[in-house]
Each structure stands twice: as structure tokens, then as C-alpha cells.
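Here the structure is a predicted model, which is why all the values come from computation and not from measurement. The basis for the numbers below is simple: all heavy atoms, side chains too, and nothing from hydrogens, waters or symmetry mates. In what follows, chains carry the letters A, B, and so on, assigned in the order in which the sequence lines appear, proteins first and then strands, with residues in each chain numbered from 1.
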Protein chains: 2
Amino acid sequence: MNALSFPYGTRGEQRAGDPVSSTPTVYDVAERSGVSIATVSRVYRNPDSVREATREKVLAAARDLGYVPSGNARGLASRSTGVLGLCFPDYSDPDTESEAAAADADDDHAFMLYSDQIIRGMERAARRHGYALLIAASLSGGPESLVAKVAGRVDGFAVLARTVPTEDLEVISRRLPVVMLAGPRDPDGPDHLDHIEVANADGQRALTRHLIEDHGLRRLAFVGGVEDSPDAQARFDGYAAARQEAGLSVPRAPDVRPELMTQAEGARAVEALLDRAGAELPEGILFANDQMAIGALHALERRGLRVPEDVAVTGFDGIPLGRLVRPALTTVRQPMRRLGEEAVDLLVHRLGSSGTAAEPESRVLPVDVVRRESCGCGDVAG
Amino acid sequence: MNALSFPYGTRGEQRAGDPVSSTPTVYDVAERSGVSIATVSRVYRNPDSVREATREKVLAAARDLGYVPSGNARGLASRSTGVLGLCFPDYSDPDTESEAAAADADDDHAFMLYSDQIIRGMERAARRHGYALLIAASLSGGPESLVAKVAGRVDGFAVLARTVPTEDLEVISRRLPVVMLAGPRDPDGPDHLDHIEVANADGQRALTRHLIEDHGLRRLAFVGGVEDSPDAQARFDGYAAARQEAGLSVPRAPDVRPELMTQAEGARAVEALLDRAGAELPEGILFANDQMAIGALHALERRGLRVPEDVAVTGFDGIPLGRLVRPALTTVRQPMRRLGEEAVDLLVHRLGSSGTAAEPESRVLPVDVVRRESCGCGDVAG
DNA sequence: TTGAAAGCGCTAACAT
DNA sequence: ATGTTAGCGCTTTCAA
């Protein structure tokens, strides 16, 4: 810019036609093209409101100068960013990344994570609506957390799972639309957020019923999720419901409840189950997610047990890796891409004049049971 | 501040303790906590520079008010956004999306695209450096294009492939660092951009040599890429080089040059090749990317030709789908995630005081030949 | 169709 | 440790 001993450069001096000045602004373009800054602005925001000749002049000057409109200034002046955001959990936990996963996904991370698919869905949908997408893995809280950063830079955003304290989100959602990609923490004491979730309970119930009715299994075990995962809880509820419907004993809690929902933990859960069971091996083990189920597949193989002959195994999520393992994993597939799309739709709707003050909304997306080999189904396409 | 009867609401009136005012600002927080706006700012930017008691007061007020710092205002005042960007091609072309791909990737888009992996790599790397990532599929040009939007909202960004006219990028790169995820358009007339590319020629040459030396193939055909793809060109060059080294005739152009590099086009290319060849079937067909090779696999199967017995097939890229098709596809794997990481490193470096004025840099990342079944190698892990 | 000027919400001197 | 204040670069009335 210019060398002053003052805080900032002054406009007056900057205008003194120095062509080498870096980061040109509307003022530079205006001067060079002999119009006012308002006209420069118009050229970008509403080209048709400027006479063609003028417009060309301005554009030419902008080119010469290397002018790029500052998104920040624009956003500040117009109170909108044209950007939607997504905060997702940092799934690169060491356990998943190095230990267990590395063995399977030998192409370095060739396969999509849950969050990748949602990113894709959101990006596509956002683009359709003219928005760009800002993504950030959410870490810890604190005043200067990533969420805050995202929140300050977007017109609205989605939060994957319960990555961020609901409390913080409620504060933020007073300022801009926030949609949570998970169910409400407490269905009865509603937060004021929009939610989009998948039919966890229904899916798990359907899958459980499949095991019971179609494969005739009765001795089942359920490996749950981490303590505070409502998804995992809902899945367990679905499992329990199916048992009840079939006249089996109704458990009050999962047979095993791992610390993490990783492959390593899945393997560990199997060991625990086998040690505990003695001769009374379960005929089927249902896992609250695919990662654990896949870990279990390996553990069972190491123990010399055949899947599904000796024991059936199922997961939940429908991650691509589940198609590749042998036997291919029977699971419940979540419509992740749609999750992202719905999130964008909801945000865009809230951003439109219409949805501003409407009631919080909770959408539940349907899931599919995917029958593969690990439950005893043949080589059915999945 | 001052009470004027002009366009916008005045701070003075807003300060009149109205707690219901929407989108609270530093002024609101400052007033409510009895400090100056500077102190509020400090609490967020440099908490330690504020006495604990004060900080708490401010944070409490912010909570009550639902205050979220405006990224725009911050960025404007501090001339930085804390965001890095990525523009990538809109790969959801109808052809790939519906026709050919749908048949294989039957999980809807269960498998990663080229761009997904780069996004992942960049996001991870950006996070390590404290940046968020803004992503946008780049469309056409024009003053108000998406690139411009991205450019205005980030501290620096990467452009995947030649998505954006180099011309535009050069303009933009006068204002902020831009790294192109592709080689320079013209190696001799250098643009002023940083580039990161993969060793296309080397990789294709190594693969070709493998076919010639290890499998003893001599009658080879190369299916190139679109006219203006330097990647595809470099791959062809590598192919030609390997032929030369082996004492085979050196072609001046690919045997087939499709319009698009899709599965459908790959299939079409095979048909063309077979029709043309008559009895003189090639022993091996090398494709400039995996998509086409996979399409070719299907086409060959339809024609009753066995791979690799009748004809070997290879691709380039190393997309996950290549592992799943039968026979599994021999290919050259690009380190896509690293591409993203290197991009971020480069950008961050440029943003640091050090790299500002340095010469444009061009990095070339090494690639791996992945030997699977489609070239005649056994069931080697890949 | 164009210009003039206030103000968007924050940061960063500088002063205290 | 905290307050004052001048911008950051744009959009947007309002007036011409």
C-alpha cells in the first residue's frame, strides 16, 4: 500500500495512481476507470444497471489492476456470505487411522468416511443454490473454537453428530440457522435447533427381525456404542424392540458397550463375548456400527470361527469397506449423501424469508437393510 | 458512536440496552459487560491479555446475548480469513453420474472421486495449520464466477486441474497465493503460479515397461485423453518413451482419443480399436485413466474377450473402484491425498513472511505402479 | 445511469 | 490491563 507511520493508509494517498500498490480496491478500480466506487460495485453486483461502455471500462481496469472483490468487505456490508458450513467430528483418531484401519484400507484412505459423503452431498446441494461450502473438523470448545470460526463466516451451517455442545449451538443459532445432523439430545426437552437424523431404531429393528425370522437365529448379542451416543442408543432400542416382537427376552442394555466404536474395539468386544459365553456362543452378533463389525470379523477369523456358519455378524452405516471385507458385511445403510442435501435444503429454506421464524424441524430419513454374506444371505448384491 | 438520521441504524440508538436486538456486536457485548469494545475484541483474540475477571464478564455477556464474532468484520480489519480454498471441476457430469458409473458404483457414490481425496488431504493439512477449508466446484468464468467468490474469501487457494483459465488465475494470484494442482500449461512460458503435479509420464512409462518386459507384450495400444489434457498428454509421452526404450515403434499420437474420459468413452474406444484392428488384436490396451479402463473391461467382456488372457488392460489414477472390478485393474496410483497436503503446505508457506516473494515453485509427486490382475499379474495385493 | 457518503463489525495502533 | 479511534473495502440509500 503506502508507507505511513500511521495505523492505516489513507484513501487519499492511495489514490495517487500508484499502479504497483498491492491488493487493489474499488477505489483503485474506480479511479483508473474514471467512475465512482458505487459504479464499480454495481458492475459486480448488478451489471445490467450500468451502461455497457462504463462496464467494460471498469472491467478492463479491474483486469489491469488484478482486482478481486473482498469477500469480507462484501459480507460485512451486505450481511451475508454466500457460504454454508459444515462442522464434522475429527475422525482421524489414531486408533482408526493407524492400528486397525490401516490393515484393511490399504490404499491410503481410499474409502470414504461417513463425513466425506456428507461433504459431497452438501457441496452438491449448496452449489445448486449458489453457495460454497466451508468445512472444518470440530475440535474442542472454547471461545475461539473452530465452530465459532465457521459460524462467523457462513450464512448457516450444519453440525455432524453431536460434535459441538448443544449449549453453544443454541447460542449460535440465535444468530444464524444451524441444523444438527443427529437427533435431538432429549426428545422431550427440545432444543431450538433443526435436526436431521436417520431412522436408527427402525433400521436396526428391521435388521434384527431379518436375523430372527429369515435366518432363524435366536441367541443374539448386541454390541452397543459409546455411552452418550443417541444413535447407538436408538439402534439398541430397535434391536430390543425386534426381540420383544419375536418373543425373545428383552435386554435392558447392550451385551457389550465399547469405549470407542472402532475396529479394534469391535475385535475386543468379540473376545469379551466369547470369553464370557463359554459354550453358549451367540448365533449372531449385531454391532452398532460397521467399523466394529469389521474388527469383529477379523477377531472371529483369528479364533477360528466361521462367519456366518458359526456366527452371523451385522453392522450399521453401510460404509464402502463393508462391501470389500470377506464375508461381505450385512448392514443398515444410511443415506449419507441425502443427509447432506437435506441439510442444505433446510438451511436455504431458513435463509429464505419464509423459514426464518418457523418452528424447529426434525426430519428422519429412512434407511435400508443391506443383506450380504455375513448374516448368512447368499452373495446378494448390496 | 454518533446519532445521525442517515441510512443505517446508529450505534447510539442500538446501544440503548435493547436486549432483543438481533445479531449482537462487540458494542452490545461491551456495553453489557461494562468494558470497551477493544477489550471484547481482546477476549477473543488474545484472552491472556485480559484480566480473568474481566474476561469472564465479557464471555458471560456474550453468552447472554448470543454473540458470535463476525468473520467478515474480522477479516476485513485484519486482512486475513483463516480460510484456505479449493476449486475443483464439477465431475458430476451426466455421463459419469448416470449411465456408466451407476452400473458399477451401485452404492450411490460410495466411492471416492479424485476430488474427494484431495479435499480430505487439504482439510486435514489445513486443520493442522489452523485453517478451515472452503470448497467449491468451479463452473464457468465471468466476473462473478465461483472462483472469484472463493478468491475473495480465502487467504489462498488451490485449483484442481485446469479448471480455471490460467489468465484469471494470474490476475488473482497477484492478490493472494494460488497453487495449481496440475503442471504448468506451457513448461517454457511459465505462468507465475505454483504447481503441484504428479509424475504422469514416469508412471505411465514404468507401467508400459512392465507390460513389455514382465509380460512380454509387444502389440500395445494407448487410449489417450481429451485434447487439452496435459496430464493425458504426459501419460502418452511416458507410454511413447517406454516403447522407444524397448525398441518398438514410437507413435506420434494415442491410438484413440476420446471426447471424455468416462467409462462409456472407454467402452467406445475399445469397440473402435477392435473394429479397426481386425485380426490383429492388441495384446494390451493402456488407458489414460481408470474410468475408461473400467468401461473397457465391460466392453471386452461383452465381446467375449478375456482379460488379461486375450488382452491386458491398464488404467491410471488408482481409484478405489479399480480394486473392485474383475479382473482388478492394474493402474498407476496418484497420491491424491498428498497432493492436497502439499498444496496446503505450499500455501501456508507463501502466506508466511518467508515465501511471499519467492519464485514460483513446481513440485512433482511420485506415483506407484499398482499391479493387479488386469495386466496378467496374479492376485497381488494392491 | 451515476455519484456521494454513511456504515457494516471488527482490529490494531496509540495512549493511558 | 483497558480505552479511543481510525480505518479495513465494500453495499446501499439518497440525490442528481
Side-chain angles (χ1 to χ4, degrees), chain A residues 1-2 4-15 21-31 33-55 57-58 67-81 152-153 175, chain B residues 1-15 21-31 33-55 57-58 62 65 67-82 152-153 175:
Chain A
M1 209 142 274
N2 46 20
L4 302 181
S5 54
F6 281 100
Y8 298 87
T10 72
R11 214 90 82 186
E13 300 175 27
Q14 185 176 316
R15 289 162 112 182
S21 123
S22 60
T23 59
T25 73
V26 271
Y27 288 91
D28 302 308
V29 177
E31 189 195 337
S33 50
V35 301
S36 73
I37 62 164
T39 298
V40 175
S41 178
R42 286 188 191 103
V43 166
Y44 285 89
R45 294 210 48 77
N46 189 5
D48 296 327
S49 72
V50 176
R51 209 200 320 149
E52 165 137 13
T54 315
R55 197 193 318 149
K57 262 194 318 191
V58 171
Y67 169 72
V68 177
S70 153
N72 283 328
R74 260 149 105 118
L76 185 53
S78 68
R79 298 107 188 282
S80 81
T81 63
R153 302 199 88 58
R175 199 180 183 292
Chain B
M1 203 145 263
N2 43 17
L4 302 181
S5 58
F6 275 102
Y8 299 86
T10 71
R11 215 90 84 184
E13 300 174 24
Q14 189 174 316
R15 287 163 115 183
S21 124
S22 60
T23 58
T25 73
V26 271
Y27 288 91
D28 302 308
V29 176
E31 188 195 339
S33 49
V35 301
S36 72
I37 61 164
T39 298
V40 175
S41 178
R42 285 189 191 104
V43 166
Y44 286 89
R45 294 209 47 78
N46 189 6
D48 296 328
S49 71
V50 176
R51 208 196 325 146
E52 165 137 17
T54 315
R55 198 193 316 149
K57 263 194 315 190
V58 170
L65 259 24
Y67 170 72
V68 177
S70 153
N72 283 327
R74 264 152 103 121
L76 185 53
S78 67
R79 291 101 182 280
S80 80
T81 64
R153 305 204 78 78
R175 198 180 184 294

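For dT11(D), one of the phosphate oxygens OP1 or OP2 lies less than 4.0 angstrom from a side-chain nitrogen or oxygen of R74(A). Contact annotation: Y27(A) side-chain N/O to dG3(C) OP1/OP2 distance is not under 4.0 Å. Taking only side-chain nitrogens and oxygens, S41(B) never comes nearer than 4.0 Å to OP1 or OP2 of dC10(C). Taking side-chain N and O atoms only, S70(B) has no distance below 4.0 Å to OP1 or OP2 of dC10(C).
Between the C1' atom of dC10(C) and the CG atom of N46(B) lies a distance of 16 Å, rounded to the nearest Å. For E52(B) and dT2(D), the CD to P distance is 11 Å, given to the nearest whole Å. One can place CD1 of I37(B) at 15 Å from P of dG7(C), the figure rounded to the nearest angstrom. Atom CZ of R45(A) and atom P of dC10(D) are 12 Å apart (whole Å). Atom NZ of K57(B) and atom P of dA1(D) are 15 Å apart (whole Å).
Of all nucleotides listed (dT11(C), dA5(C), dT2(D)), dT11(C) comes nearest to the side chain of A77(B). Candidate nucleotides dG9(C), dT12(D), dA1(D) were compared by shortest atom distance to the side chain of R51(B), and dA1(D) ranks first. Checked against dG3(D), dA1(D), dA5(C), the side chain of T54(B) finds its nearest nucleotide in dA1(D).
The 5' end of DNA chain D is approached more closely, in terms of each residue's nearest nucleotide, by S36(B) than by the other of S36(B) and A73(B).
Contacts of V40(B) with the nucleic acid, taken as non-hydrogen atoms under 4.0 Å apart, are absent.
Between the side chain of R42(A) and the main chain of V50(A), no donor-acceptor pair closer than 3.5 Å is present. For the pair R175(B) (side chain) and V68(A) (backbone), a donor-acceptor distance under 3.5 Å is present.
A donor-acceptor contact under 3.5 angstrom links the side-chain atoms of R42(B) to the base of dG3(D).
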